[in-house]
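Note that ligands are numbered from 1 as they come in the structure, with each ligand's atoms numbered from 1 the same way. Computed from heavy atoms alone, side chains included, the values below leave out hydrogens, waters and symmetry copies.
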Amino acid sequence: MKILVTGGAGYIGSHMVHLLLKNGHRVAVLDNLENGHRESLPAEITFFKTDLRNLAETEKAMASFQPEAVIHFACYIAAGESMEKPFLYFENNLLGGINLLEAMRKKNIGKIIFSSSAAVYGKGKNKPLKETDPIAPSNTYGETKATLEKIINWYAKIYKIRYVAFRYFNAAGANYGIGEQHEPETHLIPLLLQAANNRRKNAFIFGDDYPTKDGTCIRDYIHVTDLCQAHLKALEYLTDPKNNSEIFNLGTTEGKSVLEITELIKKTIGRNLRIKIAKRRPGDPPFLMADITKASKMLGWRPEKSLEEIITSAWQWEQKLASNKS
Ligand code: UFG
């Protein structure tokens with residue numbers, strides 16, 4: 001299939017591109033390279049250095065590649081920053097999203113897979129969340145994801161567009177010799193590994209007074225390759241015109257606390273970590289775990305990689321990054 005991947009030079013997007021190519025798809029990437037890395041992508045893909053906020057340029061890319069389906073990753077992702085710079089998040093994530101849909105409509109592209117987020121659930125709860133749980137984002141990043149889910153749904157109602165929206169829980173790990181490379185890095189696992197690799201003096205635990213078993217936040221960490229595999233299933237699903245648009249959680253159902261991750265990293269990579277307890281990071285829910293019954297029943301998808309594999313692969317990537325930088 002011919003697939004256009006927006007944000008394909010980013011962390012999850014670039015893993016998706018590699019997996020699509022491995023499965024025989026033809027791929028074009030649309031990315032403004034503000035946060036993406038061109039070097040994460042194989043040479044053979046078609047590349048559009050395009051900003052989705054520019055409708056005319058987005059339409060041009062769509063007309064030139066004429067994809068059968070679009071996978072939409074491109075967006076700003078830092079929840080904390082989204083509370084300091086809401087305009088940037090609303091402008092980039094929402095305007096980018098509607099321009100993409102409009103360009104698809106104009107060029108008669110009828111399938112889209114959208115990267116939504118567990119951030120749409122806001123506070124979370126002490127058991128796995130279902131897709132039917134209330135939508136109540138606690139930051140403007142989550143609000144942009146929840147809003148774009150609704151906008152896509154309107155496009156699907158009004159035009160001949162069908163979609164799958166995936167609410168990702170915590171993507172982590174690495175594959176294909178590439179990995180997570182955010183500037184600045186805000187995610188737990190890469191930050192802990194950088195500290196273990198002496199690229200940072202300390203790692204910080206943001207709050208140990210949450211109402212959880214050890215006082216630190218619980219998250220559901222899923223290997224980036226498992227996430228991407230679900231997109232392959234979604235492409236198959238959308239190929240059957242009888243299948244309706246749907247929203248699915250993507251996680252593992254298993255929650256791990258920040259302290260448990262820290263201990264597991266020490267054990268898995270055999271290094272020590274300098275940890276400091278810091279105050280809570282604003283907007284962090286105590287619990288976020290995914291109920292994945294729906295994706296497993298309707299898409300026949302299940303995550304396969306363990307947390308140890310997440311850590312081992314992310315550690316290999318951290319070492320590669322460190323040696324590239326020295
Ligand atoms: N944390 C620390 N120290 C750090 C970084 C993070 O203690 O240096 C804690 C956070 O407070 C949180 C947990 O580790 O409790 C995970 O934090 P991340 O920043 O790695 O991930 P988030 O859960 O905040 O957010 C991620 C994605 C979001 C997505 C969310 C869904 O970045 O886009 O998962 O679960 F919405």
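With respect to atom 23 (O) of ligand 1, the closest heavy atom belonging to the protein is Arg219 NE, 2.7 Å. For atom 29 (C) of ligand 1, the nearest protein heavy atom (residue, atom name, distance) is Ser117 OG, 3.4 Å. With hydrogens left out, the protein atom closest to atom 35 (O) of ligand 1 is Asn170 OD1, 2.6 Å, a heavy atom. Counting protein heavy atoms only, atom 9 (C) of ligand 1 is closest to Val258 CG2, 3.8 Å. Nearest to atom 8 (O) of ligand 1 among the protein's heavy atoms is Leu191 CD1, 3.3 Å. Ranking the protein heavy atoms by distance from atom 3 (N) of ligand 1 puts Phe204 O, 2.6 Å first.
The nearest non-hydrogen atom to atom 17 (O) of ligand 1, considering only Met289, Arg281, Arg200, Gln194, comes from Arg281. Selection from Phe287, Tyr141, Tyr221 by nearest heavy atom to atom 33 (O) of ligand 1 gives Tyr141. Of the candidates Leu288, Asp284, Asn139, Thr186, it is Asp284 that places a heavy atom closest to atom 10 (C) of ligand 1.
A salt bridge does not link Lys150 to Glu143: none of the charged nitrogens lies less than 4.0 Å from a carboxylate oxygen.
Here His231 and Phe73 bring their ring centres to under 6.0 angstrom of each other. Ring-centre distance between Tyr89 and Tyr76: below the 6.0 Å cut-off.
Under 4.0 angstrom from ligand 1, the non-hydrogen atoms of Phe206 come from both its backbone and its side chain. Both the backbone and the side chain of Ala119 come within 4.0 Å of ligand 1, judged by heavy-atom distances. Neither the backbone nor the side chain of Tyr121 comes within contact range of ligand 1; no heavy atom lies under 4.0 Å. Residue-level proximity to ligand 1 for Leu188 is carried by backbone and side chain together, each with a heavy atom below 4.0 angstrom. Under 4.0 Å from ligand 1, heavy atoms of His187 appear from its side chain as well as its backbone.
Annotation: Arg302, atom CZ; neighbour count of heavy atoms from other residues, nucleotides and ligands within 6.0 Å does not exceed 12. Few gaps surround NZ on Lys2; more than 12 heavy atoms of other groups in view lie less than 6.0 Å from it. Glu304 CD: 12 or fewer foreign heavy atoms inside a 6.0 Å radius.
Listed here is the closest heavy atom pair of Pro128 and Asp133: O-OD2, 4.5 Å.
If you run salt bridge (Lys or Arg N to Asp or Glu O under 4.0 Å) between Asp291 and each of Arg167, Lys297, Lys130, Lys127, only Lys130 comes through.
When side chains are defined from C-beta on, Glu59 does not count as touching Asn99, because their heavy atoms never get closer than 4.5 Å.
Numbered from 1 in the order shown, with element, the atoms of ligand 1 that lie under 4.0 Å from a heavy atom of Ile205 read 7 (O). Under a 4.0 Å criterion applied to the non-hydrogen atoms of Ala118, ligand 1 contributes the atoms 31 (C), 35 (O).
Considering both main-chain and side-chain atoms, Tyr168 never comes within under 3.5 Å of ligand 1 through any nitrogen or oxygen pair. Between Cys217 and ligand 1, a contact under 3.5 Å exists for no N or O pair.
Between His15 and Tyr11, the two ring planes are perpendicular [angle over 60°; tilted spans 30° to 60°]. The aromatic rings of Phe166 and Phe248 sit tilted relative to each other, their planes meeting at an angle between 30° and 60°.
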